[in-house]
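Following: one structure in C-alpha cells, then a few remarks.
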Amino acid sequence: MKAKFEPRIDLKNRTKLESVIPLETPFVVFLDPSDACNLKCRFCPTSDRALMKLVNRPWKQLSFDLFKKIADDMTLFPGQVQVLRLYKDGEPLLNKNLADMVKYAKDVGSAKRIDTTTNASLLTVERGQALVDAGLDQINISIYGVNTGHYNAFSGVKIEFEKVLANVREFYEIRKNCEMLVKINGDQLSEREREQFLEYFGDYTDKIYIENTMSCWPEFQLRGVEVNNEKGIYGQEIKEVNTCPYPFYSFSINSDGLASVCFLDWGRKLIVGDTKLESVQDIWNGKLMRAYRKMFLDGNRKPHKVCGNCGQMTHGLPDNLDPHKELLLQKLNEIEYFKDVPDLINRII
C-alpha cells in the first residue's frame, strides 16, 4: 500500500493553543459552498429533510458574489489564515462555482491552504481537473462502504460503489500537488471489509484512515449507528474536555453568509454575525465570539443548551485547554479582552 495510514488532522505537530491565545487571525475558517447534500446518511442531520424544515434551515448554495466578499475580507486579517476549509454541512461539489471559488481565494491570498471534503460521487474527471487547476491544496474523501449494498444502506440513495471507486482513482492520477486523504467509518465493517477498503484505495491516495464512530452533532440522535465508546474518532482515549478549543482558533460561515461559532452548528443556534453586513475580521474579534470564549474558560459549557452535550468534547478533540484555562483567563483579563462581554454571557447560555 502506497498511502500513509494517518488521520485527516495532524495529532503530532499541533500548535500549543495556550501559547498563542488570543489569535488576531484564526487558523481555520470553515466556509460552506453548499448547504445541501445528495446523500441521506444516517449519521448526519443534513440528511433529515423533515428536521431541516423544522429548524427552518433552507438548502442553499453559496453565491459567488458573497464568496468573493468573504474571501476579500479574509485578506484583511493581520496575518494569513492557515486553512480555508470549503466544507461544513453539505456536499461542496453541488456548487457549480466550487473551482472558481478555490481559484479566487488563491489569487487574492485568502489562506495559505484551501481544502474541501466530499463524498466523491460527483467527482468527475472534469470537475476534479478544474479543482486541481484552481490550486486546491487538499481533498478529503469520505467513503461509506466497500460495495454498492453498503452505500444503499448507509447513504440512503442508490450509488454504485464502483463509480465512486473510479472517481477516486481517476482523481489520484490527475491530482498533481493536491494532497488526497480517503477515510471510512470502520465500526460498521467486518475485518475483511476493512482489508478490502485498504486494498481498493490504498494505492490511490496519499493518506488513508479508518475512523471510529462518534456522535459529533449536538442535539442530533444518530439513526441506526452506534457510537464507539471504547475509542475516540482517531483511536485516541475517550476523555471529556470542558473547554472547547475550536472558538479560539476557528469559526464557520454558512452558505447564506451567517457566521457560527462552531462548524458543528447544524441547527444555526450559535450564530455570531452576518458576513453580508459585517466584515469577517469584525466577527472574529466581536463580542459574541469573545463571549463564547469566556463561557468556556469560565467552565460554563455544561449549562449551555447546545454545547453542553457535545460528543466532540469526549470523542473528537485534538486539543485540551482545560489545564491552562485559569492562566488563560488571567492573561486575557489583564489585557481587558472580556471587558465588554459580561452582559452577553446570559444571552448565549
Side-chain angles (χ1 to χ4, degrees), residues 6-30 77-79 81-83 85 209 211-219 227-252 260-265 270 272 284-342 344-346 348-349:
E6 294 180 358
R8 50 184 148 165
I9 63 172
D10 188 346
L11 296 173
K12 299 178 181 178
N13 303 304
R14 299 183 66 78
T15 299
K16 294 182 178 180
L17 286 178
E18 64 274 14
S19 69
V20 296
I21 292 172
L23 287 168
E24 292 184 318
T25 304
F27 286 160
V28 182
V29 174
F30 290 81
F77 281 112
V81 173
Q82 297 294 308
V83 181
R85 187 146 289 151
Y209 201 69
E211 297 180 344
N212 297 316
T213 306
M214 62 171 286
S215 179
C216 61
W217 307 103
E219 300 186 302
V227 173
N228 188 322
N229 286 316
E230 296 181 1
K231 295 181 180 179
I233 187 173
Y234 307 117
Q236 76 274 34
E237 177 188 1
I238 294 175
K239 181 181 178 181
E240 185 165 19
V241 171
N242 197 40
T243 309
C244 179
Y246 294 123
F248 292 92
Y249 71 88
S250 70
F251 75 117
S252 304
S260 173
V261 72
C262 179
F263 66 98
L264 297 171
D265 182 25
L270 307 175
V272 291
W284 172 251
N285 293 315
K287 290 183 179 181
L288 282 173
M289 281 297 294
R290 284 183 286 129
Y292 274 103
R293 293 168 189 144
K294 181 170 174 56
M295 178 189 79
F296 290 122
L297 289 177
D298 281 341
N300 288 324
R301 177 179 71 85
K302 283 292 189 179
H304 193 274
K305 57 186 178 181
V306 176
C307 303
N309 193 32
C310 178
Q312 197 80 14
M313 298 299 103
T314 54
H315 287 64
L317 282 185
D319 307 292
N320 184 3
L321 288 177
D322 282 358
H324 313 283
K325 64 180 183 179
E326 291 183 5
L327 287 177
L328 285 173
L329 266 175
Q330 179 181 343
K331 173 184 176 181
L332 296 178
N333 284 330
E334 286 175 355
I335 62 174
E336 298 187 318
Y337 186 79
F338 297 125
K339 68 176 181 179
D340 55 353
V341 303
L344 297 175
I345 297 299
N346 290 333
I348 65 175
I349 293 181

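All values derive from a computational prediction rather than experimental measurement. Keep in mind that the numbers below use all heavy atoms, side chains included, and drop hydrogens, waters and symmetry copies.
Scanning all heavy atoms of the two residues, the minimum distance from Arg293 to Tyr337 falls at NH1-OH, 2.7 Å. Nearest approach of Lys16 to Ser19, heavy atoms of both residues: O-OG, 2.6 Å. Shortest non-hydrogen contact noted between Pro22 and Ile335 is CG-CD1, 4.1 Å. Across Leu17 and Pro245, no two heavy atoms sit closer than the pair CD1-CB, 3.7 Å. When every heavy atom of Glu24 is checked against every heavy atom of Asn285, the shortest pair comes out as O-OD1, 4.3 Å. A pairwise comparison of heavy atoms in Gly316 and Tyr234 identifies O-CE1, 4.0 Å as the closest pair.
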Pair Asp340-Arg290, side chain to side chain contact (heavy atoms under 4.5 Å, CB included): steps then yes or no: CA-CA 9 Å; Asp340 55 353; Arg290 284 183 286 129; 2.7 Å; yes
Side chain to side chain contact (heavy atoms under 4.5 Å, CB included) assessment of Asp319 paired with Phe248: CA-CA 11 Å; Asp319 307 292; Phe248 292 92; over 6 Å; no
Check against side chain to side chain contact (heavy atoms under 4.5 Å, CB included), Trp284 and Leu23: CA-CA 9 Å; Trp284 172 251; Leu23 287 168; 4.2 Å; yes
Ile233/Glu211 under side chain to side chain contact (heavy atoms under 4.5 Å, CB included): CA gap, chis, key distance, verdict: CA-CA 5 Å; Ile233 187 173; Glu211 297 180 344; 3.7 Å; yes
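The side-chain heavy atoms of Leu321 and Phe296, taken from C-beta on, include no pair separated by under 4.5 Å. No side-chain heavy atom of Gln236 sits under 4.5 Å from any side-chain heavy atom of Leu11. With a 4.5 Å cut-off on side-chain heavy atoms, Tyr249 and Gln82 do not count as touching. Using a 4.5 Å heavy-atom cutoff, the side chains of Cys262 and Val306 are not in contact.
The closest donor-acceptor contact from the side chain of Asn228 to the backbone of Thr213 lies at 3.5 Å or more, if one exists at all.
Under a cut-off of 6.0 angstrom, the local environment of NZ in Lys231 is sparse, with at most 12 non-hydrogen atoms contributed by other residues, nucleotides or ligands. The neighbour count for Asn320 CG, taken as heavy atoms of other residues, nucleotides or ligands under 6.0 Å away, is above 12. Counted within 6.0 Å of NZ on Lys331, heavy atoms from surrounding residues, nucleotides or ligands total more than 12; the atom is thus considered enclosed.
Between the SG atom in Cys307 and the CE atom in Met295 there is a gap of 4.5 Å [rounded to 0.5 Å]. Note that NE2 of His315 and CD1 of Ile238 are 3.5 Å apart. Values are rounded to the nearest 0.5 Å. Taking CE of Met313 as the start and CE of Met214 as the end, the distance is 8.0 Å to the nearest 0.5 Å. Here the straight-line distance linking atom CH2 of Trp217 with atom CG of Asp265 works out to 10.0 Å at 0.5 Å rounding. Atom-to-atom distance recorded for Glu230:CD and Glu237:CD is 13.0 Å, nearest 0.5 angstrom. Atom CG of residue Leu328 and atom CD1 of residue Ile21 lie 5.0 Å apart, to the nearest 0.5 angstrom.
Looking at residues two or more places apart in sequence or on another chain, you find no side chain to side chain donor-acceptor pair (under 3.5 Å) involving Tyr209. Residues that satisfy the ring pair (Phe, Tyr, Trp, His ring centres under 6.0 Å) test with Phe263, not counting sequence neighbours, are Phe30, Tyr246. With sequence neighbours left out, the side chain to side chain donor-acceptor pair (under 3.5 Å) criterion links Lys302 to Glu240.
Checking Asp322 against Thr243 by side-chain atom types alone, a donor-acceptor pair falls below 3.5 Å.
With salt bridges taken as basic N to acidic carboxylate O contacts below 4.0 Å, none links Lys305 and Glu219.
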